[in-house]
Amino acid sequence: MTRILITSAIPYINGIKHLGNLVGSQLPADLYARYNRARGSEVMFICATDEHGTPAELAAAKAGKPVDEFCAEMHEIQADIANRFGLSFDHFGRSSSDQNKKLTQHFAGRLKAEGYIEEVSEKQVYSNADGRFLPDRYIEGTCPNCGYDGARGDQCENCTKQLDPTDLIDPRSAISGSTDLEVRETKHLYLRQSKLKDQLDAWITSKGDWPVLTTSIAKKWLHDGDGLRDRGITRDLNWGVPVKDGDAEWAGMEGKVFYVWFDAPIEYIAATKEWADARGLDDDAWESWWRTDKGAEDVQYVQFMGKDNVPFHTLSFPATIMGSGEPWKLVDYIKSFNYLNYDGGQFSTSKGRGVFMDQALEILPADYWRWWLLSHAPETSDSEFTWENFQSSVNKDLADVLGNFVSRVTKFCNSKFSPAVPEGGTYGEREQALIADLTTKTRAYETHMAAMDVRKSAAELRSIWAAGNEYLQEVAPWSTFKTDPEQAAAQIRLALNLIRVYAVLSAPFIPTASAQMLSGMNTLDMSWPDDLEAALGVLPVGHEFTVPEVLFAKISDDQRTEWAERFSGTRD
RNA sequence: GGCGUUAUAGCUCAGUUGGUUAGAGCGAACGACUCAUAAUCGUUAGGUCGGUGGUUCAAGUCCACCUAACGCCA
């Protein structure tokens with residue numbers, strides 16, 4: 001059996017994600033996971049919250065809570081929203097877990113032993129009042145160039161001149177406002193990625209089947225300017241994974257933590273261990289997914305992410321894996337996405353512009369969003385969300401084409417026969433033609449899904465739905481019924497079975513509606529239609545069903561107008 | 001300022017290694033049907049593929065420059 005390991009870029013703990021974040025990683029990853037499970041593969045689908053770093057500390061301070069408590073609460077909120085969006089993670093972990101601390105320290109120790117860590121001494125501003133070192137952008141003062149009062153340590157946003165923190169006149173902490181600052185000498189660890197440049201380059205080059213978006217970004221970082229640069233992997237913060245050499249202390253690094261981008265991808269592995277630990281399984285259970293010496297050789301590992309995450313997944317994280325000298329699994333395929341824009345501009349977390357995951361679920365069920373987002377996923381270039389487009393897609397595709405098909409078939413059967421699969425008649429030429437058509441379309445759908453061509457998959461699925469309406473329109477059972485009720489029964493029998501087939505095929509996109517369709521058809525049979533003719537006979541003569549409620553309600557013009565207004569600026 | 005991305009029918013987007021009359025869905029017009037969430041099905045009309053020049057027997061598809069929008073960086 002094929003074993004597929006799927007990871008979605010892990011969302012940052014600081015706040016609820018917007019729809020652009022969702023469609024860039026978690027949602028398409030979920031589509032792929034659900035599809036492969038449906039086809040009988042063994043799937044491990046991993047995601048987590050990315051919890052370390054200064055933004056988390058500041059957000060916690062703003063909320064008046066200890067950072068660990070803040071993260072724990074935010075993790076629960078994100079887990080709940082993910083669940084309500086139907087994101088079917090096998091485990092939704094936390095980068096602040098003990099498993100990740102141990103593993104991150106382990107990797108650092110291995111990298112040190114293999115000669116891929118360099119210790120560098122730097123000067124950095126320390127705030128006595130805050131009791132911490134300050135990153136450049138958290139120091140404010142007066143710009144020596146233009147006199148602007150709110151210049152930051154890295155740049156003056158008024159005159160755009162780049163600065164060093166020591167250039168500022170009357171510097172102060174952006175966190176506390178304190179002016180009790182001093183420059184201290186501090187030591188940091190650098191990951192010597194440059195030593196692995198050729199190895200990384202050869203590895204990327206070998207991935208000829210990866211999307212251009214992925215490889216071009218990686219190549220740019222490898223060859224731009226002086227080539228791949230070493231990266232600092234430690235910070236002077238309290239909130240993070242303490243710097244250690246495996247289990248041992250690291251001399252001179254006391255009180256420091258690893259940089260969030262070092263420990264975050266390692267969480268993919270650690271979250272799988274969290275999964276095993278939560279189920280009382282031994283180490284073999286998770287190592288068989290990640291260690292090529294313990295069974296992961298045959299695992300197909302696919303990562304999903306937005307384009308901003310590509311450098312870390314094509315270079316930094318692989319450098320960590322390669323540099324460890326241990327047989328960890330490298331990614332086999334990276335599916336990256338462009339950005340989704342919102343109504344003529346960007347989604348903005350800080351301005352509250354656009355629709356956020358919790359708000360989306362307040363106004364409509366998850367399937368509506370899943371369908372629109374996936375069928376418009378920004379695969380080849382940035383794409384755009386507009387309320388008009390959303391309204392017409394939902395109304396036309398979901399309500400009119402699919403929802404109405406279910407409705408017209410079940411209601412017709414109920415009124416002319418009974419709420420059960422009717423008996424009589426036989427399948428003829430037209431039915432065979434439909435089966436042939438559906439077979440072709442289903443095979444095309446499978447090909448697109450396997451290739452992670454999200455939009456093409458959605459278009460193919462829609463055309464499979466439409467085929468049912470085309471068939472009904474042509475054979476017109478409402479007319480047939482008047483002259484040949486037996487034949488009308490055969491036509492409706494086929495159409496009822498088609499509803500089950502649609503539920504199975506559509507489940508990766510719209511799992512909730514799919515479950516409603518199966519429930520309405522009173523069946524638990526989710527077998528994949530490998531053979532369409534057989535699949536259209538699964539519900540036997542006499543099988544009872546219930547006429548389902550309206551599957552998808554339409555979006556009215558009033559609603560559309562109201563929502564466009566509501567989400568245009570400030571988050572409520 | 002440097003680097004990069006994008007620019008295809010009214011809208012959202014496809015267009016493989018350059019090769020016959022540039023495609024889909026929505027929207028529009030017309031027609032059919034009436035079982036159904038005023039749903040469905042069919043037909044038709046819309047584009048000199050941002051602009052200019054070039055390479056080629058042949059360019060939306062390669063090259064140069066220009067314009068516009070956007071993004072990243074220092």
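First the proteins, then the strands, lettered A, B, ... as listed; each starts at 1.
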Given that both distances must come in under 3.5 Å, which nucleotide forms a Watson-Crick or G-U wobble pair with B:A7? B:U67

note: A:Gln559, atom CD; B:U37, atom P; distance rounded to Å ~ 19 Å

Assigned partner base of B:G18, Watson-Crick or wobble definition, under 3.5 Å: none

Using the closest heavy atom to pick a nucleotide of RNA chain B for each, name whichever of A:Ala476 or A:Phe552 lands nearer the 5' end. A:Ala476

Between A:Lys411 and B:U37, does any side-chain N or O lie under 4.0 Å from OP1 or OP2? yes

Would you indicate what A:Phe481 reaches in the nucleic acid, counting non-hydrogen atoms under 4.0 angstrom: base, sugar-phosphate, or nothing? nothing

Can you pull out every salt bridge (charged side-chain N to carboxylate O under 4.0 Å, His left out) where at least one residue sits in residues 457-483 of chain A? Sequence neighbours excluded, please. A:Asp397-A:Arg462, A:Arg430-A:Glu474

How close or far is atom P of B:U40 from atom CZ of A:Phe412, stated in whole angstroms? 18 Å

Checking B:U40, B:U34, B:A39 against the side chain of A:Val401 (C-beta onward), the nearest is B:U40

Take atom P in B:G60 and the same atom in B:G54, then report the distance between them in whole Å. 15 Å

By the 4.0 Å heavy-atom rule, please label A:Lys396 as base, sugar-phosphate, or nothing. sugar-phosphate

Separation between the P atoms of B:C26 and B:G42, rounded to whole Å: 10 Å

Taking B:G31 as the reference, what is the distance to B:C49 when you measure between their P atoms (whole Å, please)? 34 Å

Atom-pair distance (OH on A:Tyr339; C1' on B:U6), nearest Å: 14 Å

Do the numbers put A:Lys335 on top of the ring of A:Tyr32, so that NZ or CZ is under 6.0 Å from the six-membered ring centre and no more than 45° off the axis? no

Would you please confirm or rule out a distance under 4.0 Å between OP1 or OP2 of B:A24 and any side-chain N or O of A:Arg462? no

Using whole Å, what does the distance between atom P of nucleotide B:G42 and atom OH of A:Tyr471 come to? 16 Å

When rounded to the nearest Å, what value does the distance between P atoms of B:U17 and B:C62 take? 10 Å

Which part of the nucleic acid, if any, lies within contact of A:Ser383, taking any heavy atom under 4.0 Å across all strands shown: a base, the sugar-phosphate backbone alone, or nothing? sugar-phosphate

Quick one: classify the glycosidic conformation of B:G54 as syn or anti, with syn meaning within 90° of 0. anti

Taking a pair as Watson-Crick or G-U wobble with both distances under 3.5 Å, which nucleotide is matched to B:C62? B:G54

Inter-nucleotide C1' distance (B:A28, B:G10), Å rounded: 9 Å

Inter-residue atom distance A:Asn309.CG - A:Ile334.CD1, 0.5 Å rounding: 10.0 Å

Result for 5'-nearest mapping on RNA chain B, choosing between A:Leu402 and A:Ala459, is A:Ala459

Please classify the nucleic acid contact of A:Leu551 as base, sugar-phosphate, or nothing, using heavy-atom distances under 4.0 Å. base

Taking any strand in view, what nucleotide pairs with B:U48 in a Watson-Crick or G-U wobble way, both distances under 3.5 Å? none

Does A:Gln473 get its side chain close enough to the base of B:U40, under 3.5 Å, for a donor-acceptor pair? yes

Could you tell me how far B:A9 sits from B:G50 if I compare only their C1' atoms? Round to whole Å. 15 Å

Quick check: do A:Phe337 and A:Pro28 have side-chain heavy atoms less than 4.5 Å from each other? yes

Whole-Å distance between B:U12 P and A:Phe390 CZ? 17 Å

Which is true for A:Ala399 with a 4.0 Å heavy-atom rule: it touches a base, it touches only sugar-phosphate, or it touches nothing? base

Just the rounded figure in Å: distance from P of B:C41 to CZ of A:Arg408. 8 Å

Would you say the rings of A:Phe347 and A:Phe356 are close, in the sense that their centroids are separated by under 6.0 Å? no

Run the numbers on A:Arg566 and A:Glu362 for salt bridge (charged side-chain N to carboxylate O under 4.0 Å, His left out), then give the verdict. CA-CA 13 Å; A:Arg566 175 176 164 190; A:Glu362 281 170 21; 2.9 Å; yes

Can you tell me, in whole Å, how much space there is between the C1' of B:C3 and that of B:A22? 33 Å

Which nucleotide, if any, forms a Watson-Crick or G-U wobble pair with B:G2, using both distances under 3.5 Å? B:C72

Does B:U12 have a Watson-Crick or wobble mate here (both distances under 3.5 Å), and if so which one? B:A24

How many Å lie between CG on A:Asn309 and C1' on B:C72, as a whole number? 14 Å

Is there, by distance only and without an angle test, a donor paired with an acceptor across the side chain of A:Asn404 and the base of B:A39 below 3.5 Å? no

Determine whether A:Leu364 and A:Phe390 make a side-chain contact, defined as any pair of heavy atoms from C-beta on separated by less than 4.5 Å. yes

Between A:Lys456 and B:A24, is there a contact of a side-chain N or O with OP1 or OP2 at under 4.0 Å? no

In whole angstrom, give the distance that lies between atom CG of A:Leu498 and atom P of B:U40. 16 Å

For A:Lys416, which residues count as a salt bridge (Lys or Arg N to Asp or Glu O under 4.0 Å) partner, sequence neighbours excluded? none

Between B:G71 and B:C11, how far apart are the two C1' atoms, rounded to whole Å? 24 Å

